[in-house]
Peer 1: 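Before I ask anything, let me first share the structure, which is written out below as C-alpha cells.
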Amino acid sequence: MKRFFTNLGIVQIFGSLLLVIGIMYISNYFVYKNSISGVYDKVAQNNNLAVKTTIQSFDDSFRSINNIIHSIHGLPYNSLESEEDGRIDMVKVYTMQDSIATLVSSVDFIEEVIVFYDDYDLAITSLGTSSLKDLFQNKYKHDLYNESYWRTYTKGENTFKMLPGQYFKVATNSSWQRKKLMVAIGGNKIRISNKNIIILIDEAALLKHVNQKLMIPGGSLIVLDQDRSVILSTDSSTNLSGVLDEVYFNSSQEASLKKEDYQYNFYKSDLNDFVYINKVPYQFQNINSVIKANEMIMISAIICAILLSVLLSIYLNRPVKKIIHQLGGGSSRGNDFRKILSGVVKMQMELDKAKQQLKNAESEARRSVFLQAVDEYVFDPQHGLQPSYSDLVRGKYFVLMMVHLDLKDKEQAPMPVEVIAAVLDTALRKDHNDVQVFYDKSMHFVALIGMGQPKDRAILLKGLKGLFAGLEQESLSAYSVWASVSELYAAELKNYKLAYRSAMNGLLYRAVNETSHVLDAEKIHYGWSMYFPFDKIEKLSNYLSNGKLHEGKEIISETLQKNASRNVHQHQMAHIAKTMFLYILRNVNPTANQDDEMYKLEQRFLQKIDSAHDYMEIEHALIEAAKHIAKYSKPEETNKLNPGFISQYIELHYMENLYLDHIAEIVETSPKYFSSYFKKTFGINYVEYLNKVRLSHAKELLKDSTLSIGEIGEKTGYLNSSTFTTTFKKYVGISPSEYRKQHANE
C-alpha cells in the first residue's frame, strides 16, 4: 500500500510537470506567434514608411537648394561693372545681396550662400560682401576648401556637385566655432549666367530638418550622389565595400540586399539621381527563421523535459515538493500554476504596452504623411506613401475642418495639445465615425471627416455650431473656439492640399464682423475695399512724436472702424494694423532699444494681432503699442538735419511762412545744401512737398468744416485766396469749391 501511494505521488508529479510544460508551450507559442512577430512585422513596415518619408524630406531639401541656385542664376546682374566708368556698381551688389538674403531666409538649414565672379575678388553673401580670400580665411576656414581651391574648381566644367560634410572653423562674434558643413556647388558645364554659386549647408540642421526619429532603432541612412560617392551618413562606420556592385535597380527604383548582419534597402531618387541606402539589422528581416528556431528549441525542451520529469519524479520526489513549496508558498496543489499564470499575465501586459506604443507611432506617421501631403511642394505619388495612407478616411468624399483655439485668459496654463486633440476627436465621433484629428501648429487642429454622399456636408455644418458652442461651455471652457470647413473633395491624397488651403482661407478671409463659430469656406466673399489714409497715418506718427496721444488714438480708431464698416477680411485688418505699427515705430529714438524694449514690444504686438478674433482686439493692441511708443518718440535734439525732424517740423508749422531760408536756418545749414539734401532724401523739391502737406490739410477742412475758401487758404499757410486756389487747382486738378461739392455727402 505504501509503495502504491508512493507510485501515485510520482505519477501526479509527472503529470503536473507535463501539464505545466504543455501550458507553457501553448501559451508562449501563441503569444510569440501572434504578438511578438506582429510587433516586429509592424516595426519593419513602419520603418519602411518612415524611411520613405525621410527620403522625401531629403528630396524636398535638395529641391530647395536647386531652386535657390536657379533663382540666383536668374538674377539680372551677369556683370557688376557700371556702364559709366567700368567700376563695380555697388547698387547692383547690394540689390543682389538683398535678393540672396530673401532666398536664404526661408531655408533654416542653409548656413550661407556665396556668389562670386571669375573676374572680381568679391564675394556676395546674405550678410554682406567681402573678398573671396578673406571670406575663406577669416569666416569659413578649412585646410583644403580655400579661395584658391574654389577658383580652380570653377574654372573647369562641372555639373552640380554636393560635397560631403567637413569640419570648418566658423568665426563668431568672439571666437571660432567648429561646425560640420556640406557644400553644394552650382554647375557651370552649361553656363546659365556668369555667377559662381557656393551653398554652405549645416549638416546637423539638415538632419534635424528631415526628422529621423521614426526610423527603426539601430538603423541608419546613407546618401550617395549621382557618382555614387557618400555625401551624408548617419552611420559612423559606413562601409559599402562590395555592396554597390551587387545591387540591381528594378523598374520601381528600389532594391534590397542582405549581407553579413545587415540588410541594405536601396531607393533611387527621381529628383537628382541620388541613391538612399537604409541599413537595418538583419534580425528584423529574419522573423520566420527566428520563429522556426524557437519552435525547435521548444520541441527539444519538451522531449528533454519529459525525460527529466521521469527521472526527477522517481529520484527527486521530495526535493521537487520542497521546490514547489518554495515557489508556491504552500502545498503543491495549484500554487505553481498560479505563479506561472501571473507571469503570463505580466508578459501580456508588457505586450499590450508595446502595441499601444506602436499605435502611437503609427498615428504620428500618419500625421507626418498628412502634413507632407499638404505641403506646398509637389507630392510624388510614386514615392510609395499614397497606397498605404490613401485610407485616412473611409468615405468616398471628405471635408477638412481647421479648428483654431485661443486661450481666453493668457495667464492661465494651456491644456496639452494631445488632450485637446482627444476632446475634439471624441466630440466629432459622436455623430461621425469616419474622423481623423491631427495637431497642425499654433493651436490649429485639423479634422478629416469622411462622407459617403455630398449632401452630408450640409448636415455636418448644421451640427457643428451647436457642437462648438457646447465645447466652449464644457470641455474647452478656457478657450475661444472657431472653425473653418473646406469644400467637398474626393477622398484622394492629392486633394488634401487643396482642402487644407480651402479651410485655411476660411480663417484668413473671414470678415472682421463675423460672429459665427463655424465658417463655410464655400461662402467666402473675397474683397479688397481697404481704407488706408496715408496723410492721416503721417499725422499719427507726428502726433506720437510730439506727445499728442489723444489725437493719435482718434486716428487709430477712425481708421480701423472705417475698415470694419467695409467688412474687410481678418488678415487684411491685421496687415493694416501691422503697417500702422511699423510706420509709427520709425520715429523711435535709437536709444529706446538698448534693452531690447522695442523688440519685445513688437513681438508682443504681433502675437496679439495674430491671435485676435475681431477688430476690437486689434484696435486695443495698436493703441496700447502707441502709448508705449509715444514715450520714446521724442526727436533727437543733437542732429536736426534728418528726415524725421524735417517732416515733423513741416507738419507742425505748415501754416506759417516756411521759406527755404527759414527752415535751412532751423536745421542749421545753408539754403543751397538744404535744398539739395531735401530733394535727394524725399524725392521731390521742398516747395512741392510743402504744398502737398498744406493741401492735405486743406482737403480735410474743405470736407469737414464750413470755413470759406479764403479762410482755409490762410489757415494752411497761403497769403491770399487767389494763391491758394491756383496752387490747389495745379496739384489736385480741380478748384477748392469743386472739391468741396464733390465731397459734400461725406
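Counting from 1, the numbers follow the sequence of the chain as shown. Given the structure is predicted, the values throughout are model-derived calculations rather than measurements.
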Peer 1: With Asp108, which residues qualify under side-chain contact (heavy atoms from CB on, under 4.5 Å), at least two apart?
Peer 2: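 Testing Asp108 for side-chain contact (heavy atoms from CB on, under 4.5 Å), a comparison that skips the adjacent residues, returns His209.
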
Peer 1: Yes or no on ring-ring contact (aromatic ring centres under 6.0 Å, His included) for Tyr140 and Tyr145, after CA distance, side-chain angles and deciding distance?
Peer 2: CA-CA 9 Å; Tyr140 299 103; Tyr145 298 142; over 10 Å; no

Peer 1: Please report the closest heavy-atom contact between Ile69 and Ile197, naming both atoms and the distance.
Peer 2: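 Smallest heavy-atom distance, with atoms named: O-CD1, 3.6 Å.
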
Peer 1: On the 0 to 90° scale, with breaks at 30° and 60°, tag the His575-His571 ring pair as parallel, tilted or perpendicular.
Peer 2: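 Taking His571 first and then His575, their aromatic rings stand perpendicular (interplane angle over 60°).
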
Peer 1: Run the numbers on Tyr439 and Leu424 for side-chain contact (heavy atoms from CB on, under 4.5 Å), then give the verdict.
Peer 2: CA-CA 11 Å; Tyr439 175 66; Leu424 294 174; over 6 Å; no

Peer 1: Evaluate Met415 against Leu405 for side-chain contact (heavy atoms from CB on, under 4.5 Å), listing each step before the verdict.
Peer 2: CA-CA 11 Å; Met415 296 171 59; Leu405 285 79; over 6 Å; no

Peer 1: Just do the side-chain contact (heavy atoms from CB on, under 4.5 Å) check on Val170 and Leu200 with the steps written out, would you?
Peer 2: CA-CA 11 Å; Val170 181; Leu200 301 180; over 6 Å; no

Peer 1: Under the criterion side-chain contact (heavy atoms from CB on, under 4.5 Å), I'd like the reasoning laid out for Met401 against Leu464: C-alpha separation, chi angles, the key distance, then a yes or no.
Peer 2: CA-CA 10 Å; Met401 181 171 63; Leu464 285 178; 3.5 Å; yes

Peer 1: Is any side-chain heavy atom of Val481 closer than 4.5 Å to a side-chain heavy atom of Val403?
Peer 2: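 Val481 vs Val403: side chains touch.
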
Peer 1: With a 3.5 Å cut-off and no angle check, do the side chains of Tyr397 and Asp456 form a donor-acceptor pair?
Peer 2: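 Tyr397 vs Asp456: no donor-acceptor pair found between side chains.
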
Peer 1: Which heavy atom of Val446 sits nearest a heavy atom of Tyr500, and at what distance?
Peer 2: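 For Val446 and Tyr500, the tightest heavy-atom pair comes out as CG2-CE1, 4.2 Å.
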
Peer 1: Looking at every non-hydrogen atom in both residues, tell me the closest pair between Val230 and Pro164 and how far apart they are.
Peer 2: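 In this case the closest contact between Val230 and Pro164 is O-CB, 3.6 Å.
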
Peer 1: So, taking the atom named NZ in Lys497 and the one named CG in Leu400, what distance separates them when rounded to the nearest 0.5 Å?
Peer 2: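 Here the rounded value is 14.0 Å.
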
Peer 1: Are Ile124 and Val113 close enough that some pair of their side-chain heavy atoms sits under 4.5 Å apart?
Peer 2: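 Answer no - side chains too far apart.
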
Peer 1: Without swapping roles, check the side chain of His70 against the backbone of Asn67 for a donor-acceptor pair under 3.5 Å.
Peer 2: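 Absent.
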
Peer 1: Let me confirm one number: the CE-CG distance from Met402 to Asn505, rounded to the nearest 0.5 Å.
Peer 2: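 That separation rounds to 10.0 Å.
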
Peer 1: Under 30°, 30 to 60°, or over 60°: which ring-plane class applies to Phe136 and Trp150, parallel, tilted or perpendicular?
Peer 2: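 The rings of Phe136 and Trp150 sit tilted, inter-plane angle from 30° to 60°.
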
Peer 1: Measure the spacing between CD1 of Ile199 and CD1 of Ile68 and express it to the nearest 0.5 Å.
Peer 2: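 Result: 5.5 Å between the selected atoms.
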
Peer 1: Working to the nearest 0.5 Å, report the span between CG of Asp202 and NZ of Lys180.
Peer 2: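 These two atoms lie 11.0 Å from each other.
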
Peer 1: Is any NZ, NE, NH1 or NH2 atom of the basic residue among Lys139 and Glu112 found under 4.0 Å from an Asp or Glu carboxylate oxygen of the other?
Peer 2: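 Salt bridge between Lys139 and Glu112, a charged N being under 4.0 Å from a carboxylate O: no.
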
Peer 1: Less than 4.5 Å apart, side chain to side chain, heavy atoms only: is that true for Leu221 and Val210?
Peer 2: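 Leu221 vs Val210: side chains apart.
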
Peer 1: In terms of ring plane angle, is the pair Phe274 and Phe62 parallel, tilted or perpendicular, where the classes change at 30° and 60°?
Peer 2: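 Rings of Phe274 and Phe62: perpendicular, over 60°.
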
Peer 1: Please name the pair of heavy atoms, one in Gln97 and one in Thr125, separated by the smallest distance, quoted to 0.1 Å.
Peer 2: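 Minimum heavy-atom contact is CG-O, 3.2 Å.
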
Peer 1: Drop me the distance from Ser233's OG to Ile222's CD1, to the nearest 0.5 angstrom.
Peer 2: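 Rounded to the nearest 0.5 Å, the OG-CD1 separation comes to 4.5 Å.
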
Peer 1: Is the closest side-chain heavy-atom distance between Tyr276 and Thr54 below 4.5 Å?
Peer 2: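 In short, these two side chains do not touch, never coming nearer than 4.5 Å.
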
Peer 1: Between Gly395 and Ala491, what is the shortest heavy-atom contact and its length?
Peer 2: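 Gly395 and Ala491 have their closest heavy atoms at O-CB, 3.3 Å.
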
Peer 1: Quick check for you: to the nearest 0.5 Å, what is the distance between Ile420 atom CD1 and Leu476 atom CG?
Peer 2: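 One finds 6.5 Å between CD1 of Ile420 and CG of Leu476.
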
Peer 1: Are the side chains of Ile65 and Phe109 in contact, using a 4.5 Å heavy-atom criterion?
Peer 2: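 They are in contact (side-chain heavy atoms under 4.5 Å apart), so the answer is yes.
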
Peer 1: Partners of Phe160 by ring pair (Phe, Tyr, Trp, His ring centres under 6.0 Å), sequence neighbours excluded?
Peer 2: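 Counting only residues at least two positions away or on another chain, Phe160 forms no ring pair (Phe, Tyr, Trp, His ring centres under 6.0 Å).
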
Peer 1: Quick check: do Glu487 and Leu498 have side-chain heavy atoms less than 4.5 Å from each other?
Peer 2: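 When only atoms from C-beta onward are counted, Leu498 and Glu487 do not touch, as no gap falls below 4.5 Å.
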
Peer 1: Looking at Leu75 and Lys195, what are the two nearest heavy atoms and their distance?
Peer 2: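 Taking every non-hydrogen atom into account, O-NZ, 2.9 Å.
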
Peer 1: Go through Arg457 and Asp520 one step at a time and tell me if the salt bridge (charged side-chain N to carboxylate O under 4.0 Å, His left out) criterion holds.
Peer 2: CA-CA 10 Å; Arg457 184 179 184 276; Asp520 187 353; 2.5 Å; yes

Peer 1: Among Gln166, Glu203, Lys169, Glu111, which residue meets the side chain to side chain contact (heavy atoms under 4.5 Å, CB included) test with Lys179?
Peer 2: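 Output: one option passes, namely Glu111.
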
Peer 1: What I'd like to find out is whether the side chain of Gln177 reaches to under 4.5 Å of the side chain of Phe168, using heavy atoms alone.
Peer 2: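 Contact flag for Gln177/Phe168 side chains = no.
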
Peer 1: Got Leu232 and Met162 here, is their nearest side-chain heavy-atom distance under 4.5 Å?
Peer 2: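 A side-chain contact under 4.5 Å is absent here.
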
Peer 1: For Lys141, does the NZ atom sit with more than 12 other heavy atoms under 6.0 Å from it, leaving out its own atoms?
Peer 2: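 No - once you tally the heavy atoms of other residues, nucleotides and ligands closer than 6.0 Å, there are 12 at most.
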
Peer 1: Taking side-chain contact (heavy atoms from CB on, under 4.5 Å) as the test, write out the residues that go with Arg429, two or more places apart.
Peer 2: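 Arg429: side-chain contact (heavy atoms from CB on, under 4.5 Å) contacts with Asp425, Val435.
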
Peer 1: Between the side chain of His432 and the main-chain N/O of Asp434, is any donor-acceptor distance below 3.5 Å?
Peer 2: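 No.
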
